[in-house]
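Side chains are part of it too, since the values below use all heavy atoms of this structure and drop only hydrogens, waters and symmetry mates. Counting starts at 1 for both ligands and their atoms, in listed order.
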Amino acid sequence: MAPGILEDIYPPTIASDQALAGKHTFPDNADSEEYARSLDSSDPLRTFREKFIIPSKASLKRKSLAAIENDQDGIYFCGNSLGLQPKCMSRYIQAQLDTWSSIGVAGHFTELEESPLKPWQSMADFAAEQSCRLVGAVTGEVAIANTLTVNLHLLMASFYQPTATRNKVLLEWKAFPSDHYAIESQISWHGYDPKEAMILVQPDEDHVISTQKILSTIDEYSDEIALVLLPGVQYYSGQFLDIPRITEYAHSKGLMIGWDLAHAAGNVPLQLHDWGVDFAAWCTYKYMNAGPGAIAGLFVHEKHGKVEYPEGCDTPVFRHRLTGWYSGDRASRFNMDNKFRPIPGAGGFQISNPSAIDLTSLCASLSVFEETSMEELRKKSLKLTAYLQYLLLKGGAEQKFRIITPLDPSKRGAQLCLLLESGLLDCVSSELQKAGIVVDQRKPGVIRVAPVPLYNSYHDVWAFTRVFRKAVGMQ
Ligand SMILES: Cc1ncc(COP(=O)(O)O)c(C=O)c1O
């Protein structure tokens with residue numbers, strides 16, 4: 001392999017976002033601090049880092065909230081688990097508290113001057129509209145409500161309609177446990193046996209599942225499947241599944257398909273509407289930076305969100321779902337007449353009055369996304385992760401660890417998952433911790449490293465790889 005040419009380690013097939021992926025090449029001096037700094041100074045998104053609070057090396061070790069001054073930034077590569085706090089968050093939260101303390105119940109419908117916030121009753125719609133561009137939805141296809149697993153349950157209540165002969169759910173072999181449990185319990189709830197009704201698609205190699213494997217498993221069980229539910233980006237391996245192709249294929253077999261976008265939303269470009277995805281759900285605390293356990297998003301394709309009133313009839317016809325007063329049309333919600341008129345679109349899948357403080361934190365984080373686009377973020381992300389991969393693999397490091405995330409940049413998001421040689425995890429973790437570097441680790445031997453284009457720098461990547469290579473015994 002010619003030195004510095006990353007393209008040689010990409011597999012030959014680079015799919016859909018090839019134009020964005022490009023073929024990043026790095027010069028011989030790419031592992032110097034000076035080079036990393038030069039990438040940062042030419043990064044068009046470099047000012048976004050300033051919009052986030054980067055935990056300092058000392059604050060990462062703190063046991064108290066007492067102030068720490070003049071400390072060096074730590075290196076945070078854990079946005080795949082919990083995104084960093086946008087600096088505007090405290091202003092938004094304070095505005096919400098001030099609204100509540102000054103006008104009480106009127107905050108539901110009053111927009112105050114000098115406030116970054118909408119009235120509480122409009123915030124969910126506002127956040128939903130802003131989220132559309134992040135997931136490629138048209139107006140009305142996104143709702144903001146609840147949390148991810150709750151939304152998966154609510155969506156399955158509508159989209160998983162098993163029968164005696166067609167009751168199976170196709171999922172992946174290592175779905176995130178909450179998804180696995182949710183599916184298991186939905187199947188039992190309908191009176192079927194999860195052991196028989198859960199089809200777990202197996203990986204081809206390591207943790208990576210080829211599209212072909214998914215399509216052939218769909219083929220094998222197509223007469224028995226009631227629902228396909230897959231991750232957009234797999235939480236462990238970081239694999240970005242081919243959502244349009246798998247969706248199209250499931251539809252060609254007459255199947256419903258939903259996507260868990262926990263690790264995809266705010267990470268990779270999505271076109272849920274154009275891809276014809278039936279439904280999707282995501283949390284907002286990872287790449288979307290809305291804070292731990294923040295309110296979640298859901299997508300229902302417009303074809304499933306129609307509400308019709310047949311002529312001469314005031315009883316609406318709409319897709320079955322579980323409902324509450326917030327599924328109902330805002331204009332008649334407060335009539336208290338028990339005549340249910342669902343909101344057309346994804347909004348009709350809301351149930352309760354959402355928490356305003358929770359919506360406030362999402363609105364703060366979305367305000368940062370408003371200043372850029374997923375295309376811009378993806379462009380940087382591809383280069384940042386390519387740089388990470390390049391520095392990790394330089395000099396035959398693969399005896400000490402393996403990257404189990406696909407090396408093809410179009411088949412992954414920001415995260416690389418590193419499988420360490422047996423026995424290395426404790427030492428690597430301790431060296432990273434000492435250096436003020438935060439990554440996610442999974443026993444017995446995996447670390448997941450997610451450089452996030454909004455707030456990570458090329459210098460972060462360079463500094464991380466130096467510590468990492470030393471910790472695994474390479475130089
Ligand atoms: C892929 C995936 N699904 C589901 C969940 C559970 O999310 P929640 O606790 O917000 O329901 C997570 C959380 O990290 C996740 O990564």
Side-chain angles (χ1 to χ4, degrees), residues 77-84 127 131 135 142-157 159-160 169-186 198 200-201 203 207-209 214 227-241 243 246 257-268 270 272 277 279-299 322 349-352 354-355 357-359 361-362 365 404-405 412-417 438-442 446-450 452:
F77 280 143
C78 222
N80 56 334
S81 182
L82 178 71
L84 287 182
S131 303
V135 296
V142 170
I144 300 298
N146 314 304
T147 44
L148 171 55
T149 313
V150 172
N151 285 337
L152 286 174
H153 270 300
L154 295 175
L155 289 162
M156 280 194 274
F159 289 93
Y160 175 55
V169 180
L170 182 143
L171 64 159
E172 35 136 1
W173 71 302
K174 242 190 183 206
F176 191 87
S178 202
D179 298 37
H180 189 101
Y181 304 148
I183 293 168
E184 203 167 38
S185 65
Q186 285 278 335
M198 289 170 88
L200 311 183
V201 188
H207 285 249
V208 176
I209 310 177
I214 296 171
L227 178 68
V228 178
L229 184 55
L230 290 168
V233 172
Q234 212 279 347
Y235 83 97
Y236 189 83
S237 67
Q239 180 187 359
F240 181 16
L241 274 72
I243 302 176
I246 298 166
I257 180 160
W259 293 89
D260 176 338
L261 302 177
H263 291 257
N267 177 16
V268 289
L270 299 165
L272 299 183
V277 162
F279 70 91
W282 58 93
C283 55
T284 60
Y285 45 79
K286 298 179 186 294
Y287 295 94
M288 290 182 62
N289 316 311
I295 196 163
L298 66 90
F299 167 92
L322 297 181
F349 285 71
Q350 300 168 97
I351 292 188
S352 293
S355 153
I357 194 103
D358 209 356
L359 284 166
S361 56
L362 178 58
S365 66
I404 62 174
T405 306
R412 68 184 184 210
Q415 168 191 319
L416 291 185
C417 178
V438 184
V439 297
D440 174 274
Q441 20 169 315
R442 301 271 147 171
V446 151
I447 64 169
R448 298 184 302 165
V449 188
V452 172

Measure from every N or O atom of ligand 1 to the protein's N or O atoms and keep only the pairs below 3.5 Å, writing each with atom names and distance to 0.1 Å.
| residue | atom | partner | partner atom | Å |
| --- | --- | --- | --- | --- |
| ligand 1 | 3 (N) | D179 | OD1 | 2.8 |
| ligand 1 | 3 (N) | D260 | OD2 | 2.9 |
| ligand 1 | 7 (O) | Y285 | OH | 3.0 |
| ligand 1 | 10 (O) | Y285 | OH | 2.7 |
| ligand 1 | 11 (O) | T149 | N | 2.8 |
| ligand 1 | 11 (O) | T149 | OG1 | 2.5 |
| ligand 1 | 14 (O) | K286 | NZ | 2.8 |
| ligand 1 | 16 (O) | H263 | NE2 | 2.9 |

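- Side-chain atoms of Q186 and H153 include a donor-acceptor pair closer than 3.5 Å.
- For the side chain to side chain donor-acceptor pair (under 3.5 Å) test, residues two or more places apart in sequence or in another chain that qualify with N80 are Q415.
- Residues meeting the salt bridge (Lys or Arg N to Asp or Glu O under 4.0 Å) test with D179, sequence neighbours left out: none.
- For T149, the side chain to side chain donor-acceptor pair (under 3.5 Å) partners are S178, not counting sequence neighbours.
- Ring geometry for F176 against Y235 counts as perpendicular: the plane angle is over 60°, on a 0 to 90° scale with 30° as the lower cut.
- Among all heavy-atom pairs drawn from A281 and N151, the shortest one is CB-CB, 4.2 Å.
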